[in-house]
Amino acid sequence: MSDPVGKLPSELDQLPDRDTEETAEWAASLDAVAQAAGTRRAEYLLRRTLQHAEAAGLALPKLLETDYVNTIPTSAEPEFPGDEAMEAKITAWNRWNAAAMVTRGSKYGVGGHIATFASAAWLYETGFQHFFRGKEADGSGDQLYIQGHASPGIYARAFLDGRISEQQLDNFRQESGGNGLPSYPHPRRLPWLWEFPTVSMGLGPLSAIYQARFNRYLQNRKIKDTANSHVWAFLGDGEMDEPESTAALALASREQLDNLTFVINCNLQRLDGPVRANFRVVQELEAQFRGAGWNVIKTLWGSAWDELFQLDTTGALVRRLREVPDAQFQTYATRDVAYIRQHFFGANAELVALGALLSDAKIAECFHTSRGGHEPRKVYAAYKAALEHKGAPTVILAQTVKGYTLGAGFESKNANHQMKKLTIDEFKSMRDKLDLPIPDSAFADGKVPYGHPGANSPEVQYLSERRAALGGPAPARKVHHVALPAPAERSFAPLLKGSGKQEMATTMAFVRLVKDLMRDKETGKRWVPIVPDEARTFGMESLFPSAGIYSPLGQTYEPVDRDQLMYYKEAKDGQILNEGITEAGAMADFIAACTSYATHGEPMIPFYIFYSMFGWQRTADQMWQLADQLGKGFIVGATAGRTTLTGEGLQHADGHSHLIASTNPASLNYDPAFAYEIAVIVKDGLRRMYGETPEDVFYYLTVYNEPKVQPAMPEGVEEGILKGLYRFNQASDLENAPAADAAKIQLMASGTAIHWILEAQALLAADWNVAADVWSATSWGELRRDALECDEALLRGEVRTPYVTRALEGAQGPVLAVSDWMRQVPDQISQWVEQDYTSLGTDGFGLSDTREGARRHFGVDAQSIVVAALAQLARRGEVPASAVKEARERYGL
């Protein structure tokens, strides 16, 4: 019998059938079941057989979806170890204070979110009471990625355990006066509590995966025992639409990160309405995660549903649950029983019969409130199963009602994300539902009161005992500062003395420096090279055999280049993180490594090197996350500038990353021209980030792939290199120096543009008798930062002169600033330059050409610089106006 038209052969079709008779018997059995008991029974048997095969470890394709029921049935739930009544009281207080805090703040118009924590309260409380390990136990504790919109509930719990005061609750989202609470998890704003920033949405899931992976990296490199650290990421079902949320699912399963659990709060609502109005987001997520190799646990229905499932002898209920779209189920949560009987149970005769066996109260309980995510026993069972599962990460899909316990005005309403307050009557109704001892008299002034059972109450004692057993308060961020010794001077010496006659790109100079620093006896092992699959582009392949590329499996194959000196070496204790083509993943790696000093008490020195165009432009949101998380390390934009990367063209030509980087207050941005400048900057960066008094900053260095002779470092320039500007040479130093009465100009450049102005300096002297001094502007951003600080000091009555003003004091003539960036980059300092100031840059789109052609196109080559310099001097009457036209003609412009 031939295959139907269009049917693709499966893997099994390619194998010879060793027993065709047995195969036919299996097929006949299935046909017989379908004929005798119906196709539904046959489908059921097939699903159960496949599930059994999967559990037995047989090599079959996995089911991507299972029935819309709990993965762990009630009969298989483990014994709940806590005092459920006591934990309900604790959760009630936290629900109340979270809602009260946001409502009280609403009169100031600062906003806040109530409904998210209301739906997720038990997801957090069960973890805090029984699972989340604190920082005071052995090891590093667990890492908690809290859903940003649930922050009021976390503050409420910290109020209950005495870590936050009532005054701080009243200062929610009002930080400027001091003693306030940030809107979301912001470590930079509240560094003793928050460990990980999780808003913007989507970055939390990605970062959690790479944090779990970095924990294994530290373990495998024998730097820190992280075996008992577990990463918990609390996410929203709507948040999973962000591309970053699911970008690294395959990595997590591929590396068997069973130290990672996602808890997705499936309340079926996003910010404006249903997550999947016409579909079922739980089933979609299950298929996505199972397809990526994750262990999936669905915790959908509360215990009230047990009776319904027991009565469902035909499977009609389970089939109906698979059919109903999310938006309709959300409607059931808000409608009366008659509507549910008609629209849900009225779908077919089997369901009508089932509905007739149920009381109105039972139907209301099931469809209005009974969800798995609202019951601590079911949440506990899911968490326990997640920790016990080995060989793969776990995702828990927990169904809840958004706005649960806040009353009919909130629960499952499309607008509840934007609803910021409850009325006094709604609070009183909530109080009665939660059985809280708050008298009506507490509302006398028209303000909802905070509630607290007392520091010595059974609730607080229970909470304290549970946290003590689990290793202290959570969430919490603790930093045990460990200063790293300065590397040996010999690592920096080769760059300081220059390259002689040999040409060397600054990209190669940086890689050479790091390679030497990785050999340092004291700190070498702490370097973490991170690259998104471009190591060979940046000349880093020499690190492969010496440092090794990290892989939890080591190298299970024989590399194709095994006979070469720089062969591709993967190792379980490899030092390099080569992430493949994912700047977002590499950046998440970088963040985990940058914050290891706090997360694990182990300072690491990461450097993340990338095509500069694909750093800040592509992942600037993560750079902001890095700053919020107080990360330390070096990010390196290689092949920098708009004209140095020949041939690649528009989307590879970076002329603006320094402009984007300047928006980040924690980023120290440098555009070094010479190898010795790199050495000075990196050395000082190690001191500032990892020394005795560490700063919460990180460095952005741009380096170039254009080979040039690297000079030795002149004397006395270190301060200028670090502050952002120094005079590299003077016109009087030239072999054919201009006359003493020559017109004078100051040429200033960063990065590779220093070579253009050096050539222009020579042309100005030889062809036009103009004396030009050359300045290296290592950091336009640091010059601006210093000047802004001086301006702020002046408003306080302190007179301070900006460094750039002082450095140029007495310099004769106008200033012409040149870079391979948009003019806005050097223009950052213009208002603090007392001389006439103008700039040249590479504004506009990049293009494919030779370096010379691209620079002529943008008007930044040496000849164009000469013409611009003459134009400046001509405006001042210091050279004839005709010189400009003459120069354009001479140089063919």
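Atoms considered below: every heavy atom in the structure, side chains included; atoms not considered: hydrogens, waters and symmetry mates.
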Candidate pair Asp520 and Thr523, rule side chain to side chain donor-acceptor pair (under 3.5 Å), full reasoning: CA-CA 6 Å; Asp520 186 81; Thr523 60; 3.1 Å; yes
Criterion side chain to side chain donor-acceptor pair (under 3.5 Å) on Thr702 and Asp671, from CA distance to verdict: CA-CA 5 Å; Thr702 41; Asp671 188 31; 2.6 Å; yes
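Side-chain atoms of Met822 and Thr842, non-hydrogen and from C-beta on, never get closer than 4.5 Å to each other. Side-chain contact between Leu659 and Trp616: absent, with no pair of heavy atoms (C-beta onward) separated by less than 4.5 Å.
Looking at residues two or more places apart in sequence or on another chain, you find a side-chain contact (heavy atoms from CB on, under 4.5 Å) between Arg800 and Glu789, Cys790, Ala793, Arg796, Glu798. Among residues two or more places apart in sequence or in another chain, the side-chain contact (heavy atoms from CB on, under 4.5 Å) test is passed with Asp516 by Ser491, Pro494, Arg512, Arg519. Residues that satisfy the ring pair (Phe, Tyr, Trp, His ring centres under 6.0 Å) test with His656, not counting sequence neighbours, are absent from this structure.
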Using a 3.5 Å cut-off and no angle test, enumerate the donor-acceptor pairs between side-chain atoms of residues 717-728 and protein atoms at least two apart in sequence or in another chain.
{"residue": "Tyr726", "atom": "OH", "partner": "Tyr676", "partner atom": "OH", "Å": "2.6"}
{"residue": "Tyr726", "atom": "OH", "partner": "Glu677", "partner atom": "OE2", "Å": "2.5"}
{"residue": "Arg727", "atom": "NH1", "partner": "Asp773", "partner atom": "OD2", "Å": "3.0"}

Which donor-acceptor pairs under 3.5 Å do side chains of residues 481-489 form with protein atoms, sequence neighbours excluded?
{"residue": "His481", "atom": "NE2", "partner": "Gly691", "partner atom": "O", "Å": "2.9"}
{"residue": "Glu489", "atom": "OE1", "partner": "Lys683", "partner atom": "NZ", "Å": "3.1"}
{"residue": "Glu489", "atom": "OE2", "partner": "Lys683", "partner atom": "NZ", "Å": "2.5"}

Residues 868-882, side-chain donor-acceptor partners within the protein, below 3.5 Å, at least two apart:
{"residue": "Gln872", "atom": "NE2", "partner": "Val815", "partner atom": "O", "Å": "3.1"}
{"residue": "Arg876", "atom": "NE", "partner": "Glu878", "partner atom": "OE2", "Å": "2.9"}
{"residue": "Arg876", "atom": "NH1", "partner": "Asp836", "partner atom": "OD2", "Å": "2.6"}
{"residue": "Arg876", "atom": "NH2", "partner": "Glu878", "partner atom": "OE2", "Å": "3.0"}

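Below 30°, between 30° and 60°, or above 60°: for His658 and Tyr700 the angle between ring planes is between 30° and 60°, a tilted geometry.
Between the side chain of Thr805 and the backbone N or O of Thr801, no donor-acceptor pair lies under 3.5 Å.
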